[in-house]
Amino acid sequence: MESLLVLVGLVVLAMPVSIVVLLVGHARLRRRVEQLESRLGAGPQPDAERPPQTQSAQIDAPTPEPRPAPWGPPKQASPPSPDQQPEPEKPASLAESASPPAAVVFRAERFDDLSAWLRENWFYVVSALSLALAGIFLVQYGVENGLLPPTARVLAALGFGALLIVAGEIVRRRYGDDESSATAYLPSVFSGAGLVTLFGGVLAARQLYDLIGPEAALASMIVIALVGLVLGWFHGPLLAAIGLIGAFAAPFVVGGDSADPSWLYGYFFVITGLGLGIDTVRRWAWVSVLSLVGAYLAGLLLVTGSPITEPAFLVYVAAVAVIAIAIPVRRIWPDHDGAMFSELLVRKSSGPWPEFPTRLAFGAVMASSAILALQWADTSGEFWLAVILLAGLTFALLIWAKDAPALQDMTALPALGLGGFVFTHGFDGGAVARGFWQTYSETPEAAFPLAVTWLVALGAVISLLAAWRSFRGGRYPFVWAGAAALYAPTLAIALELGWRPASVIGAYPWALHAVALAALMVVLAERFARVDGEARMRPALATLSALSCLTFGCVIVLSSAALTIAFVVTIIAAAALDRRFNLPPMSWFIWAGVATVTFRLILNPGLDWALHAPVPEMALVYGAAVAGYLAAWWMLRSLDRPVANVMLDSAAWATGGVLVSLLLLRWLEGLGEGGADDSHWGLGLLSAIWLLLAFAQVQRFALGGRLNWVRVALGVFFAAHGLLWLALAATVANPVLRFGADPVLGPPVVNTLAIAYLLPALVIGLSAWRIPKMPAQLRLACQGVAIVLSALWLGLTIRHFWQGAAGMYEGNGVSQPELYTYTLALLVIGAALFYQSLARRSDLMRKAGLAVIGLAVAKVFLIDISGLGGLIRVFSLLALGLALAGLAWLNRWAKLRHSPQGPEALDQ
């Protein structure tokens, strides 16, 4: 029985070899038959007429065109014409075209060519698969009954792999491996299957039988990879595909049981280097992509099946990103040139594409950064390992790749990954964050926890390196300066949001971290200013960062009111620095500062705090904001700072109005009659506050830009709130329309009716007057609303004068003096409008005056005659007649004065 099994095993191994031998023999026989047929078809020719056969004639003989393969030949420069001067050879990193055709791997035509090639040549793939599996099964399953010891099985597999490689080399040397030869792809099939078998033999020696240690296994694999590297330079691309796919799949086919298979990451790393090394010479491009895809997939499969290998997996993906940068350009120090990957976003149709090594490096760095940033650190060791690896990739791209301008943008990938990883670890309560929070829970005398300190220091180092890159110059020194100014403070803010360090180490020690970062930014600002001279952009960026760090420290330490005042102080400081050193970018900080202070004054802690805080403290905060805005505006008034000036002007106007409204509101609440939410005067004051904020946004429409839609949205939001409160004040809380509404406070004319209705009318009217670039339709609407509110106030004031606070409700009726006063008010208003129309020669105002007078006439004849009695009726008609006569005389006098010709007689 055992002999029979041996025989069956040998037959199984011989079958694929026999098939390949038959294919080779058939190809050779077919070539000889074709040569004989061509000779017989030509027929005998006389010696005198037979043309001499030369080598060129043989080469020019028609041969069948092979179908295109899914890979292209390596890029070769076309020979120059005789009249052209040969151009100097470009380095390998510049060999790729700036346009996408040759090196773009994922294209539809490539997949079409691949499917067509597989349909016609599938037997080569099956043959390679059969040979590779034969070698692996030889070591894994062959003679499982113990006829051969494990050492013999491994040696048999290694011998079988070496035999396949030798056979492939013999076929390649004697018959060739190009697509025009009959033995095309056969050398690659043999050699590729041989490489997979060799890798499988070494894997089995380590993983199945434990014959060698991990060090010997990796050394052996490196030797095999070097052999495969040399073979890949001479063979066709099929060998690379077979070798890479088979080598990545071999550990999962071989199987085995290992307590710690972390050494397999070293194996995958060697295979990845093999694929990249082959392609760095042949320039097929897709081989490099296949290598990286296989590297990440194999690593993910291994870490999924064996989670204990996660630390080794993290080191592995970081190392893959490094070799993906270095190997394709064959440089120890990368020198990628050309366009950056991010420039594709702003690339014009005729602009250059990033070269293939740049795109390959970007994909690898992005994948590795994402894996390192998104993984969950179960232990503190894994957390710090991920931090070190992300920081290491960032340092590598900052220092190691300093001479590769095309790699500048990908520095942001690991740097942002580091910030996101630190934030999410604290936000989700990771191991290190939990240990940090529990520092003093059990041992109050515990040592000071340094976790956040180390992380802040790491951010400071990255900022310093970014500043160093900015000092080196290049294409984007300002971008590097901005990165230096932003990164360390941003990482500190991420720690504040995710880790809440002040709750553990105290507010003051945590604020000292922000102060230290501010000092660092001041040093950078001084260095930039010393180097740049009159150029102010980089010093301004560092100064802005220093101010932001100081503001951040104030946020940590100060109370709510003190924090708002601190923000105002930083706005004043920014304006003073701009005036002293001419730093236009300070307008950005002022813009952000005004937005932040407004947010705090209105929303958080906002109006709710202002309605309940002590009046002196509230007045101090809002008064300091108004004073700070005016001081900053005064310092910048002589400079060309349109953004800052408009922001400060509008903010001062709005905040001043809010302060007055709040002071009136708090004073009236102190009287004990009604409140801000249900009284007519409270709703009117809230309406004035929101309308002031809306008109501040309208004034900022003149700034233009992409943020205008945000200003429109905010203006609509604020105006909707203001109009809603105003509508409630005019209807629900109106003392005339609602019985039992809060009473009118104060003497006639000077009372809460003026606060509820006249104050919003003044806010709307003055805002429409003082904003010169307000849209015409919006200005007309504002004027109409202001007139309606003023008329409402006047009517309610007349009623309060005659009826008093107790008789405001309309159910109490209308007295004759009150009715007569309404008529006189209409006549006075109409006369004033009519006179102003003549003085200003305004036809619109004249029509408005005539409309008011007509309304007064209609009121007298329709209401007053029936509602008035005695002498009041007589005086009403008398006043109407005298008023109309006076207006007629006024109209005649104006025409005579302003008309260029004399009056006409009545009889003409």
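Residues forming a side-chain contact (heavy atoms from CB on, under 4.5 Å) with F423 (at least two apart in sequence, or on another chain): F427, A494, L497. T655 pairs by the side chain to side chain donor-acceptor pair (under 3.5 Å) definition with nothing, not counting sequence neighbours. Annotation: salt bridge (Lys or Arg N to Asp or Glu O under 4.0 Å) contacts of R770 (sequence neighbours excluded): D649. Judged as a side-chain contact (heavy atoms from CB on, under 4.5 Å), and not counting sequence neighbours, the contacts of Q697 are R700, R711, L714, F718. Partners of R779 under the side chain to side chain donor-acceptor pair (under 3.5 Å) rule, at least two apart in sequence or in another chain, do not exist in this structure.
Within the 4.5 Å cutoff, the side chain of E669 has heavy atoms near those of the W681 side chain. Side chains of I764 and F695 form a contact here, defined as non-hydrogen atoms less than 4.5 Å apart. With a 4.5 Å cut-off on side-chain heavy atoms, V643 and W588 do not count as touching. Put simply, the side chain of L558 does not reach to within 4.5 Å of the side chain of I565, judged on heavy atoms.
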Would F589 and S548 count as a side-chain contact (heavy atoms from CB on, under 4.5 Å) if you check the C-alpha gap in whole Å, the side-chain angles of each, and the deciding distance to 0.1 Å? CA-CA 8 Å; F589 186 86; S548 301; 3.6 Å; yes
Residue pair L726, L683: steps toward the side-chain contact (heavy atoms from CB on, under 4.5 Å) verdict: CA-CA 6 Å; L726 191 58; L683 295 173; over 6 Å; no
Derivation of the side-chain contact (heavy atoms from CB on, under 4.5 Å) call for Q699 and S767: CA-CA 9 Å; Q699 185 176 355; S767 298; over 6 Å; no
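Remark: the backbone N or O of L745 is not paired with any side-chain donor or acceptor of N751 at under 3.5 angstrom. Without hydrogens or angle criteria, R799 side chain to G807 main chain gives a donor-acceptor distance under 3.5 Å.
Inspection of the W802 and T821 side chains reveals an N or O donor paired with an N or O acceptor under 3.5 Å.
The local environment of CH2 in W591 is sparse, with at most 12 non-hydrogen atoms from other residues, nucleotides or ligands closer than 6.0 Å.
The side chain to side chain donor-acceptor pair (under 3.5 Å) with H680 is formed by just one residue from the set T731, T752, N734; it is T752.
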Using a 3.5 Å cut-off and no angle test, enumerate the donor-acceptor pairs between side-chain atoms of residues 613-628 and protein atoms at least two apart in sequence or in another chain.
unit_1 : atom_1 : unit_2 : atom_2 : d
Y622   : OH     : L601   : O      : 2.5

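Taking CZ of R666 as the start and NE2 of H612 as the end, the distance is 8.0 Å to the nearest 0.5 Å.
Ring geometry for F717 versus W690: interplanar angle over 60°, hence perpendicular rather than tilted (30 to 60°).
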